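Reading through the structure tokens given below for one structure.
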Amino acid sequence: MIQRTLSIVKPDAVAKNAIGDVLAAIEAGGLKVIATKMLHMSKKQAEGFYAVHSDRPFFNDLTDFMSEGPVVVSVLEGEDAIAKYREILGATNPDEAEEGTVRRRIGTNIERNAAHGSDAPETAAFEISYFFNALELHQR
Ligand code: CMP
């Protein structure tokens, strides 16, 4: 099934000059980047994006981190894109991620873990619509 998913190259990976590395891993993994842009979220915007985690103990730190610098958000498309991108990223905690995955190679710890990928079709739909409007998704 052809799916879309949202990718975020997080502030830690952008600061490490690893934007191209993450996008290259996406393309090498067989997914297409159909829209992309760089932006710097405010604390409020990061809180809105991670609203599902608002009751978690790490919510404040996570939203501080996600608003500390620019990110690169992209919409990826391809066969089973949601699961495929999560494979490319590896486990949430870089220490537990498989060798060669994005988080293993670029991430630092469970919070500063280099990149985000949607975890299900419903969250992908919400996350894509959080950053991209219909016009931006119909360029190709
Ligand atoms: P992400 O894929 O962006 O989705 C939610 C994020 O919360 C996750 O990656 C991690 O960066 C962060 N996160 C998840 N669990 C923890 C944790 N136990 N401590 C700190 N941050 C976490």
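Along the sequence shown, the residues carry numbers beginning at 1. Every number for a ligand or one of its atoms is a count from 1 in the order of the listing. Computed from a predicted model, the values in this text were never measured in an experiment.
Of the protein's non-hydrogen atoms, L62 CD2, 3.8 Å is the one closest to atom 6 (C) of ligand 1. For atom 9 (O) of ligand 1, the nearest protein heavy atom (residue, atom name, distance) is K10 NZ, 3.2 Å. Annotation: atom 13 (N) of ligand 1 to nearest protein heavy atom, F58 CE1, 3.6 Å.
Backbone and side-chain nitrogen or oxygen atoms of E111 are examined, and one is located within less than 3.5 angstrom of a nitrogen or oxygen of ligand 1. Among the atoms of A115, none of the N or O lies under 3.5 angstrom from an N or O of ligand 1.
By the 4.0 Å N-to-carboxylate-O rule, D21 lies too far from K16 to be salt-bridged with it. A salt bridge links R104 with E99: the distance from a Lys NZ or Arg NE/NH1/NH2 to an Asp or Glu carboxylate oxygen falls below 4.0 Å.
Nearest-residue assignment for atom 4 (O) of ligand 1 (options R112, H116, R103; heavy-atom criterion): H116. The residue among D119, I110, D12 with a heavy atom at the shortest distance from atom 10 (C) of ligand 1 is I110.
For G48 against Y130, the heavy-atom pair with the smallest separation is CA-OH, 3.3 Å. When every heavy atom of R4 is checked against every heavy atom of I128, the shortest pair comes out as CB-CD1, 3.7 Å. The two residues D12 and N113 make their nearest non-hydrogen contact at OD2-N, 3.6 Å.
Close contacts between ligand 1 and Y50 involve ligand atoms 1 (P), 3 (O), 4 (O), 5 (C) [criterion: under 4.0 Å to a heavy atom]. Each of the atoms 5 (C) of ligand 1 lies under 4.0 Å from some heavy atom of H53.
Residues K43 and S67 bring no donor and acceptor atom of their side chains to less than 3.5 Å of each other.
In E98, the CD atom is not crowded: 12 or fewer heavy atoms of neighbouring residues, nucleotides or ligands sit closer than 6.0 Å.
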